[in-house]
Amino acid sequence: TADEAAILDAFGAAQADDYRRLDERLGTLAGGPAPAALGAAGCWVAQAFGMHGLALRVSLTPPAAVLYAAGQALVL
């Protein structure tokens, strides 16, 4: 769904240190300006993914998102 793609894109943005895109995606999901704590939580989750070898690469044209884990790609 579009919401699932936005969530994955938010985590991908956090992993890429693209905080503008992270705020945009979280704002879309929240239906308005997202609280700062939500952005911080998204960054923590993205860091946890990274520490376990999971990297999100999100296409510029949603909803295509790709999760790379252990060298394999799962297209969502």
Side-chain angles (χ1 to χ4, degrees):
T1 68
D3 287 344
E4 293 167 330
I7 291 168
L8 291 174
D9 193 37
F11 290 143
Q15 284 184 337
D17 296 329
D18 186 350
Y19 303 114
R20 182 193 53 79
R21 193 172 89 217
L22 173 62
D23 285 340
E24 287 175 0
R25 295 302 176 261
L26 294 177
T28 299
L29 290 164
L38 187 58
C43 288
W44 284 9
V45 171
Q47 286 179 349
F49 284 166
M51 285 188 264
H52 292 287
L54 300 173
L56 286 166
R57 304 280 188 262
V58 180
S59 172
L60 295 177
T61 53
V66 180
L67 174 65
Y68 292 92
Q72 297 195 8
L74 172 65
V75 178
L76 304 171

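For this chain, numbers begin at 1 and follow the sequence in order. These numbers come from the heavy atoms of this one structure, side chains and all, not from hydrogens, waters or symmetry mates.
Nearest heavy atoms, Leu22 versus Ala14: CD2-CB, 4.2 Å. Here the closest non-hydrogen pair linking Gly50 and Gln15 is N-NE2, 3.6 Å. Minimum heavy-atom separation, Arg25 to Ala10: CB-CB, 3.9 Å.
Between Gln47 atom CD and His52 atom NE2 the span is 11.5 Å, to the nearest 0.5 Å. Between the CD1 atom in Ile7 and the OG1 atom in Thr28 there is a gap of 11.5 Å [rounded to 0.5 Å]. Distance CG/Leu29 to CG/Asp9: 9.5 Å, rounded to 0.5 Å.
By the rule that hydrophobic residues join a cluster once side-chain heavy atoms approach within less than 4.5 Å of another member, Tyr19 and Trp44 end up as members of separate clusters.
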